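In what follows, a structure is listed as C-alpha cells, so that the remarks can point back to it.
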2 protein chains.
Amino acid sequence: MPMDREHCIAMGRTCVAYNLRRASRLVSQVYDQALKPTGLKVTQFSLLVSFVLAPGSKMAQLAQWLGMDRTTLSRNLRVLEKRGLVDLEQGQQDRRELKVRITPEGKKVFEQATPLWLQAQEEVVGGIGQERWAELAKELRSLVASLK
Amino acid sequence: MPMDREHCIAMGRTCVAYNLRRASRLVSQVYDQALKPTGLKVTQFSLLVSFVLAPGSKMAQLAQWLGMDRTTLSRNLRVLEKRGLVDLEQGQQDRRELKVRITPEGKKVFEQATPLWLQAQEEVVGGIGQERWAELAKELRSLVASLK
DNA sequence: CCATACTTGATGTATATACACGTAATGTGA
DNA sequence: TCACATTACGTGTATATACATCAAGTATGG
C-alpha cells in the first residue's frame with residue numbers, strides 16, 4: 001500500500017470521515033457561539049428539538065432516531081437534567097424504560113435559543129445558498145441511509 | 001418564535017450542525033470499526049496522514065489546516081506520542097514551537113492501517129457512488145470555505 | 001414456574017473537542 | 001535595554017462520543 005504524497009493528498013480529499021468531521025467541527029463552532037447566551041451547545045439544542053417533537057420518547061428509541069449511541073444519549077441527557085431542562089421518568093409498564101420529557105424551564109430556554117439558532121443557521125447556509133444546502137443535506141441523508 | 005411541530009421538523013431537516021454531526025458520528029463508526037486491528041481511530045489516522053504530508057509542521061499550522069482547535073490537536077497528539085507513533089521536537093530558532101514528526105513505528109502502523117481505511121472508504125462511498133460523493137465533498141469544502 | 005435469552009439503561013474507560021486562562025518565548029518601540 | 005504586546009503552546013474544565021461490560025427488568029420456551 002503506497003504512502004507517497006499523491007496518495008496522502010487523495011486520502012485527505014476523499015476520506016468521508018475526515019471531511020465530515022472537519023466540517024462538523026467548524027460548523028458546530030458557529031452554532032455554539034450563537035447559542036452561547038443560552039448556555040446551550042448545538043448538540044443540546046438538537047436534543048431539545050427532538051423532545052419537543054417526540055415527547056415522552058424512550059431513550060433507546062431516541063438514540064436510534066438521532067443516530068447516537070445509547071450511552072452517549074444517556075450522558076448528554078444527564079447534563080440537561082442537571083440543568084432542569086428535561087425530566088426523566090421511569091416507564092409504567094416496563095420499568096426499564098426511561099421516558100424523556102422537556103420541562104417548562106426547558107421550553108423557556110428552547111424558545112430563547114431558537115432565534116439564536118436561526119441566526120447561526122442563516123449565517124452558515126448563507127455561505128453557499130439555500131438551494132445548494134438543501135441539495136447537500138439530501139445527499140447527506142442518502143449517505144447516512146446507505147449505512148444501515 | 002414558534003415552537004410547533006412543523007417548525008421542529010424543519011429545524012431537524014435543515015440544521016447544518018445537526019445533519020453534519022449525525023453523519024459524522026455514523027460514518028466515523030464505520031472507519032473506527034475497520035481500523036480497530038491497528039488500535040487507531042479515524043481521527044488519529046487523519047492526523048498521521050497530515051504528518052506524512054507535511055513532516056515537521058508546527059502545531060498551530062497543522063491545527064489551522066485541519067480546522068481543529070490548537071488545544072484539541074495538542075491533546076490528540078499526546079495520545080499518538082504516548083504510543084510512540086509521533087515525535088515532538090522543540091523548534092531550533094523559536095523555542096516555543098513544537099514540530100511534529102511521524103516515527104518509524106508510526107509509519108509502520110500507518111501502512112498497516114491504510115488498506116483498512118480503504119476498506120471502510122469503499123464501503124461508505126459505495127453506498128452512494130463515487131461521483132455523488134465527489135460532488136458532495138466538493139460542496140462540503142465550499143461550505144467550510146465560506147465560514148472563514 | 002423456572003432457566004435462559006433478550007432488552008434497557010448505567011458505568012468504567014478512553015478519546016475528541018473547544019473555551020478560558022496561564023506560562024514561556026519572542027518581537028517591538030521608546 | 002526594558003516594558004509591553006504578541007505568539008505558541010499547555011492546563012483546567014466541561015461536554016460529546018462510543019465500546020465493553022454490568023445490572024436489572026422482561027419475555028419465552030419448556
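Lettering of chains follows the sequences in order, A, B, ..., and the numbering in each one begins at 1. All values derive from a computational prediction rather than experimental measurement. Keep in mind that the numbers below use all heavy atoms, side chains included, and drop hydrogens, waters and symmetry copies.
Checked against a 6.0 Å centroid threshold, the rings of B:F110 and B:F45 count as neighbours.
The residues B:E89 and B:K99 are annotated as not salt-bridged, no charged nitrogen and carboxylate oxygen being separated by less than 4.0 angstrom. Classification of B:K108 and B:E105 as a salt-bridged pair holds, one side-chain N sitting under 4.0 Å from a carboxylate O.
At whole-Å resolution of the value, CD in B:Q64 and P in D:dT7 are 14 Å apart.
Heavy-atom distances under 4.0 Å link DNA chain C to B:Q93, B:D94, B:R95, B:R96 of residues 88-99 of chain B, given in residue order. Taking every heavy atom of residues 140-148 of chain B and every atom of DNA chain D, no pair lies under 4.0 Å.
Evaluated for a side-chain hydrogen bond (donor to acceptor under 3.5 Å, both in side chains) with B:D94, the options B:Q90, B:R96, B:Q92 yield exactly one hit, B:R96.
The two residues A:Y31 and A:A120 come nearest to each other via the heavy atoms CD2-CB, 3.7 Å. Across all their heavy atoms, A:S50 and A:L62 have their closest contact at OG-CD2, 3.8 Å.
Side-chain contact check for B:N76 versus B:M68: some heavy-atom pair is nearer than 4.5 Å. Side-chain contact check for B:L136 versus B:I128: some heavy-atom pair is nearer than 4.5 Å. With contacts defined as side-chain heavy-atom distances shorter than 4.5 Å, the pair A:W133/A:K138 does not qualify.
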(request) Determine, for nucleotides 14-22 of chain D in 5'-to-3' order, which nucleotides have protein heavy atoms under 4.0 Å from the base (write B), from only the sugar-phosphate (write S), or from neither (write -). (result) -SSBBBB--
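When only modelled atom types and interatomic distance are considered, A:R132 and B:S142 share a side-chain donor-acceptor pair under 3.5 Å.
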